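Data block below; observations after.
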Amino acid sequence: MEFVKENLFLTGKYSPMANLMLSVMGAFAEPSAPSSGLSPERSAELTQRAGNGVPKAVLARDYGISRETVYQYLRHAQLE
């Protein structure tokens with residue numbers, strides 16, 4: 001396997017560097033679900049409130065999560 005842009009060649013033999021590179025590329029390739037513990041119902045409620053114009057900082061405070069996590073929930077909801 002060859003990744004021209006990354007100048008990475010995989011021969012099929014185990015290589016710690018190749019394993020690391022594939023893991024890093026895989027992490028960026030797949031969008032991930034938010035890691036906080038909101039239930040699906042609370043997540044849907046958050047998404048609906050954001051759609052109604054509630055500021056992200058208010059949502060973060062109300063749900064006890066960071067603003068970045070609010071944005072992750074909103075991105076995840078758009079992908080579904």
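Only this structure's heavy atoms are used, side chains among them; waters, hydrogens and symmetry mates stay out. We number each residue from 1, following the sequence as shown. What you see is a predicted model, and the numbers here were worked out from it, not measured in a lab.
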Check your understanding: Taking atom CG of L74 and atom OG1 of T69, what is their separation to the nearest 0.5 Å?
Key -> 11.0 Å
Practice item. For E41, check side-chain hydrogen bond (donor to acceptor under 3.5 Å, both in side chains) against everything at least two apart and list the hits. Key: S39
Per-pair distances, 0.1 Å, donor-acceptor, side chain in residues 55-65, under 3.5 Å, sequence neighbours excluded:
from : atom 1 : to  : atom 2 : distance (Å)
D62  : OD2    : R49 : NH1    : 3.3
D62  : OD2    : R49 : NH2    : 2.8
Y63  : OH     : E45 : OE2    : 2.6

Practice item. Could I get the full list of side-chain hydrogen bond (donor to acceptor under 3.5 Å, both in side chains) partners for Q48, not counting sequence neighbours? Key: none
Check your understanding: Looking at S43 and L38, what are the two nearest heavy atoms and their distance?
Key -> N-CB, 4.4 Å
Exercise for review: Go through the structure and list residues passing salt bridge (Lys or Arg N to Asp or Glu O under 4.0 Å) with R75, not counting sequence neighbours.
Suggested key: E68
